[in-house]
Peer 1: 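Here you go, one structure.
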Amino acid sequence: QVQLVESGGGLVQAGGSLRLSCAASGRTFSSYTMGWFRQAPGKERAFVGAIYWNGGSTDYADSVKGRFTISRDNAKNTVYLQMNRLKPEDTAVYYCAAQLYGLTTARSNDYNYWGQGTQVTVSS
């Protein structure tokens, strides 16, 4: 069982930056591939990116490539989403998710554990 808690959301102007954190409970965090998803009002939840359980690889949605970076600190049981050059269309609730020894899949159904989400609002 893994519990996930996101933090770091807020209001930022277009072009600005935010760093989201996702803190995980449990001793086996390093065994989990971690994903970030987002859901804008009236839209389905969408894949943002993911980092492999061993930290060896990352994948990103085309819409955020070159602007967002995912990293993890297994000693702190935390995964991060650094978001730069933010755009109004990045406004959404951002969720982190975990899957045990999973691939960096974009399918939300592949992830077993989810956080409660954190709101990111980008003003124009």
Side-chain angles (χ1 to χ4, degrees):
Q1 189 81 7
V2 175
Q3 291 185 326
L4 305 173
V5 179
E6 301 96 336
S7 61
L11 174 64
V12 64
Q13 287 188 333
S17 298
L18 278 176
R19 188 177 80 157
L20 306 184
S21 300
C22 173
S25 64
R27 301 179 184 178
T28 59
F29 174 74
S30 60
S31 302
Y32 286 84
T33 288
M34 301 299 296
W36 285 96
F37 290 77
R38 65 187 182 185
Q39 188 166 19
K43 295 188 176 181
E44 293 187 352
R45 192 170 296 187
F47 175 73
V48 174
I51 185 166
Y52 199 50
W53 60 270
N54 68 1
S57 66
T58 52
D59 281 315
Y60 298 94
D62 287 343
S63 59
V64 306
K65 271 181 189 174
R67 299 189 298 123
F68 290 11
T69 303
I70 297 174
S71 60
R72 66 190 299 157
D73 185 341
N74 288 341
K76 296 183 177 180
N77 279 14
T78 301
V79 63
Y80 303 99
L81 178 65
Q82 178 67 44
M83 305 184 293
N84 298 328
R85 304 199 311 273
L86 283 160
K87 305 175 182 179
E89 51 263 44
D90 295 318
T91 295
V93 177
Y94 283 71
Y95 299 89
C96 69
Q99 56 169 314
L100 184 63
Y101 290 125
L103 301 175
T104 52
T105 173
R107 295 188 299 266
S108 59
N109 287 344
D110 289 340
Y111 293 82
N112 310 107
Y113 304 100
W114 291 82
Q116 83 289 348
T118 186
Q119 176 71 47
V120 172
T121 303
V122 184
S123 63
S124 57

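Being a predicted model, the structure only gives us computed values, none of them experimental.
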Peer 1: Can Leu86 be reached from Val48 by stepping across I, L, V, M, F, W or Y side chains whose heavy atoms are under 4.5 Å apart?
Peer 2: yes
Peer 1: Output the distance between atom OG (Ser30) and atom CG (Asp73), rounded to the nearest 0.5 Å.
Peer 2: 11.5 Å
Peer 1: State yes or no: do Tyr111 and Tyr101 share one hydrophobic cluster built from I, L, V, M, F, W and Y residues joined by side-chain heavy-atom distances below 4.5 Å, directly or via other members?
Peer 2: no
Peer 1: Would you check if the side chain of Glu6 reaches a backbone N or O of Cys96 as a donor-acceptor pair within less than 3.5 Å?
Peer 2: yes
Peer 1: At what distance, to the nearest 0.5 angstrom, does CZ of Arg72 lie from CG of Asn77?
Peer 2: 9.0 Å
Peer 1: Do the side chains of Val12 and Met83 get nearer than 4.5 Å, heavy atoms only?
Peer 2: no
Peer 1: Side-chain contact, heavy-atom cut-off 4.5 Å: Phe68 with Asp90?
Peer 2: yes
Peer 1: How about Arg38 and Ser63: do any of their side-chain heavy atoms sit closer than 4.5 Å?
Peer 2: yes
Peer 1: Taking distance alone, no hydrogens or angles, what donor-acceptor pairs closer than 3.5 Å link side-chain atoms of residues 51-61 to residues at least two apart or in another chain?
Peer 2:
residue	atom	partner	partner atom	Å
Asn54	OD1	Gly56	N	2.7
Asp59	OD2	Thr104	OG1	2.3
Tyr60	OH	Ile70	N	2.8

Peer 1: I need the minimum non-hydrogen distance between Val5 and Gln116, along with the two atoms involved.
Peer 2: CA-OE1, 3.7 Å
Peer 1: Any idea which heavy atoms bring Met34 and Ala98 closest together, and the distance?
Peer 2: SD-CB, 3.5 Å
Peer 1: Output the distance between atom CH2 (Trp36) and atom CG (Leu20), rounded to the nearest 0.5 Å.
Peer 2: 4.5 Å
Peer 1: Pairs of donor and acceptor atoms involving the side chains of residues 117-124, under 3.5 Å and at least two apart or interchain, shall be tabulated with distances.
Peer 2:
residue	atom	partner	partner atom	Å
Thr118	OG1	Gly9	N	3.2
Gln119	NE2	Ala92	O	3.4
Gln119	NE2	Thr121	OG1	3.3

Peer 1: Search all heavy atoms of Arg67 against all heavy atoms of Arg85 and return the closest pair with its distance.
Peer 2: NH1-O, 2.9 Å
Peer 1: What is the minimum heavy-atom distance between Trp114 and Ser108, and which atoms define it?
Peer 2: CZ2-O, 3.5 Å
Peer 1: Is it the case that Arg45 places NZ or CZ above or below the six-membered ring of Phe37, under 6.0 angstrom from the centre and within 45 degrees of the axis?
Peer 2: no
Peer 1: Specify the closest pair of heavy atoms between Leu100 and Tyr32, including all atoms of both residues, with the distance to one decimal.
Peer 2: N-CD2, 3.5 Å
Peer 1: Given side chains that start at C-beta, do those of Tyr95 and Gln39 come closer than 4.5 Å, heavy atoms only?
Peer 2: yes
Peer 1: Mind checking the OG1-CG spacing from Thr91 to Leu11? Nearest 0.5 Å is all I need.
Peer 2: 8.5 Å
Peer 1: Rounded to the nearest 0.5 Å, what's the gap from CG on Asn112 to CD on Gln1? Could you check?
Peer 2: 10.0 Å
Peer 1: I want to check something: taking the side chain as every heavy atom from C-beta on, are Val2 and Phe29 in contact at a cut-off of under 4.5 Å?
Peer 2: no
Peer 1: Assigning hydrophobic clusters by single linkage (Ile, Leu, Val, Met, Phe, Trp, Tyr; side-chain heavy-atom cutoff under 4.5 Å), is Val79 placed with Val93?
Peer 2: no
